[in-house]
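Written below as structure tokens is the structure these notes are about.
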Amino acid sequence: MKHSKTSLFLMELIISILFFSLASAVCVRLFVKSHQISTHSVALNHSVRWCENIAELLQAYHGDTETVCQLLESAENCSITGAEVPDSFSICFDKDWLPIIATDRANIYYVLSVSAMEASIPSTNDTNPQGGTAKTFHIAMQSLHDMKPIDSSLPVIYELDTIVYQQLTLTSDGKVVQHAD
């Protein structure tokens, strides 16, 4: 009788340890997933802010990427790379979302890239028979530290396209003039 009570107590103790170890494993997984979601949310918030700010600057300066680059370099202490390609540039960030010099490759965690395509806009009314031009800027924030070894492309955290319209008008003497509103 005494032997059966002891074995029953040990069995109950083993079952309760098993239950608590399973519960703790579930809790650890929940904490890990929570941390991953939080980290992704922070990256998404910073990405949206930077992409929208760049889009607003491009709109404000009528698609003049040189002026936008100069403004960013002076105001944000950014190191602009790729500006030698017309209407495109990149900004590199460290893990704390601070702009850094592109040559410091070991500390680059995120890259914001801007590229443009120019397109002509057909005329839609008689008051503007010449139509106009537009530049479509593609702005993307990419993550370098999430890159898988087998994946050759960078994961995109956030991207947006913005169109900067430049209206052309016909003057009274027949010349076409580009307005920068």
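Quick note: residue numbers are just sequence positions, from 1.
- Aromatic pair W97/Y109: centroids not less than 6.0 angstrom apart.
- Summarising the hydrophobic clusters (Ile, Leu, Val, Met, Phe, Trp, Tyr; side-chain heavy atoms under 4.5 Å, direct or chained), the residues clustered with L30 are V26.
- Taking all atoms of both residues into account, the shortest heavy-atom contact from G63 to V164 is N-CG1, 3.7 Å.
- The side chain to side chain contact (heavy atoms under 4.5 Å, CB included) check on D94 picks up D96, L98, I100, with sequence neighbours excluded.
- Atoms OG and NZ, from S143 and K95 in turn, are 13.5 Å apart once rounded to the nearest 0.5 Å.
- Within the 4.5 Å cutoff, the side chain of V114 has no heavy atoms near those of the S88 side chain.
- Listed by chain and number, the residues in a side chain to side chain contact (heavy atoms under 4.5 Å, CB included) with L160 are C51, E52, A55, I139, Y158, T162 (sequence neighbours excluded).
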Assess the residue pair T65 and F137 against the criterion (side chain to side chain contact (heavy atoms under 4.5 Å, CB included)); give the C-alpha distance rounded to whole Å, side-chain angles, the decisive distance to 0.1 Å, and a yes or no. CA-CA 10 Å; T65 54; F137 289 93; 3.6 Å; yes
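- Looking at residues two or more places apart in sequence or on another chain, you find a side chain to side chain contact (heavy atoms under 4.5 Å, CB included) between T39 and H35.
- Under the rule for a side-chain hydrogen bond (donor to acceptor under 3.5 Å, both in side chains), E66 has no partner lying at least two apart in sequence or in another chain.
- The hydrophobic cluster containing I15, built from Ile/Leu/Val/Met/Phe/Trp/Tyr side-chain heavy atoms closer than 4.5 Å, also comprises M11.
- Looking at I157 and V48, their side chains never come closer than 4.5 Å, going by heavy atoms from C-beta outward.
- In this structure, I163 and A134 approach most closely via the heavy-atom pair CG2-CB, 3.8 Å.
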Where do M141 and F93 land on the side chain to side chain contact (heavy atoms under 4.5 Å, CB included) test, with the steps shown first? CA-CA 10 Å; M141 182 67 78; F93 298 90; 3.7 Å; yes
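- Here the CG atom belonging to L112 is positioned 9.0 Å from the CG atom belonging to L72, to the nearest 0.5 angstrom.
- In this structure, F19 shares a hydrophobic cluster with F20, the cluster being traced through Ile, Leu, Val, Met, Phe, Trp and Tyr side chains under 4.5 angstrom apart.
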Test ring-ring contact (aromatic ring centres under 6.0 Å, His included) applied to W50 and Y110, step by step: CA-CA 11 Å; W50 271 98; Y110 307 101; over 10 Å; no
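- Residues A43 and S47 come closest through the heavy atom pair O-OG, 2.7 Å.
- Within the 4.5 Å cutoff, side-chain heavy atoms of K135 are placed close to those of D87.
- Counted within 6.0 Å of CD on Q36, heavy atoms from surrounding residues, nucleotides or ligands total more than 12; the atom is thus considered enclosed.
- Residues satisfying the side chain to side chain contact (heavy atoms under 4.5 Å, CB included) criterion with E159, sequence neighbours excluded, are H138, A140, V156.
- T136 contributes atom OG1, which lies 11.5 Å from atom CG of L58 (distance to the nearest 0.5 angstrom).
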